[in-house]
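Notes follow once the structure below has been shown.
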Amino acid sequence: MAQKPSIPKGTRDFSPAEMMRRQYIFDTIRRVFRSYGFAPLETPSMENLSTLLGKYGDEGDKLLFKILNSGDYAAGLSDEEIRSASKICEKGLRYDLTVPFARYVVQHQGELTFPFKRYQIQPVWRADRPQKGRYREFYQCDVDVIGTRSLLCEVELVEIVERVFKALGIRVALKMNNRKILFGIAEAIGHADKMMDITIAIDKLEKIGLDNVKAELMERGLEQKAVEKLQPILELSGDNAQKLNQLKEVLSVSETGMKGIAEMETVFGYVERLGIDLAVELDLSLARGLNYYTGAIFEVKALDFAIGSICGGGRYDDLTGIFGMPNTSGVGISFGADRIYDVMTGLNLFPEEVNCSTRVLFVNLGAEEEAAVLPILRTLRGEEIASEIYPEAGKMKKQMEYANRRGIPYVVIVGSQELEARAATVKDMRTGEQQQVPFDQVADFVK
């Protein structure tokens with residue numbers, strides 16, 4: 001007996017029912033992106049490894065899926081060269097959509113108008129350990145603007161987060177920080193040289209707790225005195241304005257840190273004046289480990305469902321510089337469609353109409369009835385009402401069971417009596433009620 005087929009761990013098949021729900025998420029996000037003037041973009045699933053390596057830090061590089069060169073790649077290579085990944089793997093699956101976006105901007109800079117605003121909804125791959133809410137293949141929905149340092153872009157992203165999750169019905173909190181503030185903290189405790197070590201450690205604060213973060217910082221070379229200076233900074237309390245005011249005292253020795261504070265005051269000021277209906281919190285433990293962030297950073301958490309962040313991003317001042325186009329600032333945010341799906345499923349937030357691909361099923365009772373039904377079916381489809389006819393004439397019970405299993409809300413029956421009356425029997429499968437409707441009024445009745 002043949003072995004049952006399977007798929008790689010960390011990947012999933014999506015049934016039609018699941019795809020309809022996923023498409024609802026994509027359509028909602030896309031609609032908000034378009035309302036802010038962002039244009040669609042797609043890039044290849046694989047990039048040259050030279051494009052990907054070194055952009056995500058050491059931990060990120062370990063999670064890259066490398067693609068074995070095709071063809072007779074080993075011809076003429078020594079055993080040592082074959083063992084070297086660089087000789088047999090020159091491409092990799094994209095880890096995120098931001099680095100390919102930066103590569104695209106540099107490659108096509110002569111064709112673009114700056115500031116350049118784009119959105120991108122595509123899958124990415126990470127060689128991670130699969131677990132709840134963490135997959136090896138998953139979709140990101142990215143929105144970025146590049147070619148301006150204006151903080152109005154950060155404010156727009158806060159608005160986009162507000163509108164997307166309001167439209168999806170998910171209650172969320174947006175946590176923000178600034179990498180300049182984090183650098184200022186590193187300077188203030190005397191370890192500007194260990195900025196990355198500090199950010200990697202404190203980014204784990206929520207997962208592993210303060211004591212473990214302190215232990216990790218000491219393992220990374222910080223002395224006890226520096227760790228003790230850091231602790232009260234991470235434990236600052238109060239609203240955003242109070243936290244920033246307290247930080248001004250601590251970071252007065254750091255010009256970069258003070259710039260970060262000023263940037264956050266500007267963003268929070270606009271958020272307050274616009275009356276944005278979203279909990280926006282300054283979280284000094286938020287670090288986002290990716291190397292390329294230089295300014296504001298974002299992370300969104302669902303309030304009513306236990307899962308990791310469902311959205312995140314930040315400002316990057318020189319991501320294109322690594323591809324030969326320096327001093328081109330950008331900022332963006334990425335919505336994790338797969339985690340959003342898990343939240344909406346767990347909280348039963350999908351509208352009922354999303355769960356069916358067909359709104360109307362026409363029962364097939366024979367050749368004469370079939371001929372009468374087809375023009376009505378054509379009218380419904382012309383009005384973009386998803387409709388189908390059962391493909392074979394057969395017993396009514398079988399066809400009604402088919403409609404039930406598919407979750408089709410309306411069944412239209414045309415038999416001999418209906419042909420004579422020129423009126424169909426329309427049954428609402430949700431309530432069991434049925435009504436006689438003239439053929440030319442069926443479309444209006446089932447809308």
* Test log, rule side chain to side chain contact (heavy atoms under 4.5 Å, CB included), inputs D197 and L217 -> CA-CA 7 Å; D197 290 305; L217 287 168; 5.8 Å; no
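- Checked for salt-bridge contact, D27 and R30 meet the test: a charged N lies under 4.0 Å from a carboxylate O.
- Taken to the nearest 0.5 Å, the CG atom of L282 stands 8.5 Å off from the CG atom of L236.
- Residue E272 qualifies as open at atom CD: its count of foreign heavy atoms under 6.0 Å is 12 or below.
- To the nearest 0.5 angstrom, I261 atom CD1 is 6.5 Å from L244 atom CG.
- In this structure the side chain of Y402 reaches within 4.5 angstrom of the side chain of Y390, judged on heavy atoms.
- For R129, the CZ atom sits in a loose shell: 12 or fewer heavy atoms of surrounding residues, nucleotides or ligands are nearer than 6.0 Å.
- Residue D142 holds its CG atom at 7.0 Å from CG of D96, rounded to the nearest 0.5 Å.
- Y95 approaches G60 most closely through the heavy-atom pair CE1-O, 3.7 Å.
- The backbone N or O of P100 sits nowhere less than 3.5 Å from a side-chain atom of R94 that would complete a donor-acceptor pair.
- Dense packing is recorded around CD of E235, with more than 12 heavy atoms of other residues, nucleotides or ligands lying under 6.0 Å away.
- With a 4.5 Å cut-off on side-chain heavy atoms, T148 and F114 do not count as touching.
- When every heavy atom of E187 is checked against every heavy atom of A192, the shortest pair comes out as CG-CB, 3.6 Å.
- Shown here are the salt bridge (charged side-chain N to carboxylate O under 4.0 Å, His left out) partners of K214, two or more places apart in sequence or in another chain: there are none.
- The 12-atom threshold is not exceeded at NZ of K166, counting heavy atoms of other residues, nucleotides or ligands nearer than 6.0 Å.
- Within the 4.5 Å cutoff, side-chain heavy atoms of P409 are placed close to those of C356.
- Of the charged side-chain nitrogens involved, at least one lies within less than 4.0 Å of a carboxylate oxygen, so that K175 and E281 count as a salt-bridged pair.
- No donor-acceptor contact under 3.5 angstrom links the side chains of R126 and Y135, judged on distance only.
- T11 is linked by a side-chain contact (heavy atoms from CB on, under 4.5 Å) to I7, P8, E137, counting only residues two or more places apart in sequence or in another chain.
- Going from atom CG of L182 over to atom CZ of R179 covers 6.5 Å, rounded to the nearest 0.5 Å.
- A donor-acceptor contact shorter than 3.5 Å is absent between the side chain of E388 and the backbone of T358.
- Side-chain atoms of S150 come within 3.5 Å of backbone atoms of L152 as a donor-acceptor pair (strictly under, hydrogens ignored).
- Counting heavy atoms from C-beta outward, M344 and Y24 have side chains that approach closer than 4.5 Å.
- Separation of atoms NZ (K91) and CD1 (I67) is listed at 7.0 Å; rounding is to 0.5 Å.
- Q120 and R118 share a donor-acceptor pair across their side chains, judged by distance under 3.5 Å alone.
- The neighbour count for M429 CE, taken as heavy atoms of other residues, nucleotides or ligands under 6.0 Å away, is above 12.
- Environment of CD in E255: sparse, with no more than 12 heavy atoms of neighbouring residues, nucleotides or ligands closer than 6.0 Å.
- Nearest heavy atoms, L168 versus I25: CD2-CA, 4.3 Å.
- With 3.5 Å as the limit, one finds no donor-acceptor pair spanning the side chains of S387 and R359.
- Classification of the F445-Y410 ring pair by plane angle, with boundaries at 30° and 60°, yields perpendicular.
- A donor-acceptor contact under 3.5 angstrom links the side chains of E228 and Q224, judged on distance only.
- To the nearest 0.5 Å, the span separating CG on L64 from SG on C89 amounts to 11.0 Å.
- For K194, the salt bridge (charged side-chain N to carboxylate O under 4.0 Å, His left out) test picks out no residue, with sequence neighbours left out.
- The ring-ring contact (aromatic ring centres under 6.0 Å, His included) test applied to Y104 returns H108, not counting sequence neighbours.
- The shortest side-chain heavy-atom distance between L286 and F298 does not fall under the 4.5 Å cut-off.
- A donor-acceptor pair under 3.5 Å is absent between the side-chain atoms of E249 and the main chain of Q246, judged by distance alone.
- Considering only heavy atoms from C-beta on, I297 comes within 4.5 Å of Y293 through its side chain.
- Listed by first and then second residue, the ring pair (Phe, Tyr, Trp, His ring centres under 6.0 Å) pairs involving residues 299-347 are F33-F335, F165-F335, Y341-F350 (not counting sequence neighbours).
- The salt bridge (charged side-chain N to carboxylate O under 4.0 Å, His left out) check on E162 picks up nothing, with sequence neighbours excluded.
- No donor-acceptor distance shorter than 3.5 angstrom exists from the side chain of K301 to the backbone of L174, with no hydrogens or angles considered.
- In R430, the CZ atom is crowded: over 12 heavy atoms of neighbouring residues, nucleotides or ligands sit closer than 6.0 Å.
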* **Derivation and outcome, side chain to side chain contact (heavy atoms under 4.5 Å, CB included), residues Q140 and L97** => CA-CA 7 Å; Q140 288 185 338; L97 299 178; 3.9 Å; yes
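- For the 3.5 Å distance criterion, the side chains of N48 and S50 fail to qualify, holding no donor opposite an acceptor.
- At distances below 3.5 Å, at least one donor-acceptor pair connects side-chain atoms of T294 with backbone N or O atoms of D317.
- Among residues two or more places apart in sequence or in another chain, the ring-ring contact (aromatic ring centres under 6.0 Å, His included) test is passed with F183 by none.
- In this view, T320 and A102, V105, V106, I146, M325, T328 satisfy the side-chain contact (heavy atoms from CB on, under 4.5 Å) rule, not counting sequence neighbours.
- For F14, there are no ring-ring contact (aromatic ring centres under 6.0 Å, His included) partners at least two apart in sequence or on another chain.
- Each side chain to side chain donor-acceptor pair (under 3.5 Å) pair with one or both residues in residues 259-269, not counting sequence neighbours, appears once here: N178-E263, K180-E263, K248-E265.
- Side chain of D144 to backbone of Y119: no donor-acceptor contact under 3.5 angstrom is found.
- Note on residues 7-16: pairs passing salt bridge (Lys or Arg N to Asp or Glu O under 4.0 Å), not counting sequence neighbours, are R12-D338.
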* Hey, mind stepping through E156 and K117 against salt bridge (charged side-chain N to carboxylate O under 4.0 Å, His left out) and telling me if it holds? -> CA-CA 12 Å; E156 272 195 356; K117 303 176 77 171; 3.4 Å; yes
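- No side-chain heavy atom of L361 sits under 4.5 Å from any side-chain heavy atom of V412.
- No side-chain heavy atom of L157 sits under 4.5 Å from any side-chain heavy atom of V145.
- Take K229 and apply the salt bridge (charged side-chain N to carboxylate O under 4.0 Å, His left out) test, not counting sequence neighbours, and it matches no residue.
- Annotation for Y270: atom OH does not count as buried by contact number, only 12 or fewer foreign heavy atoms lying within 6.0 Å.
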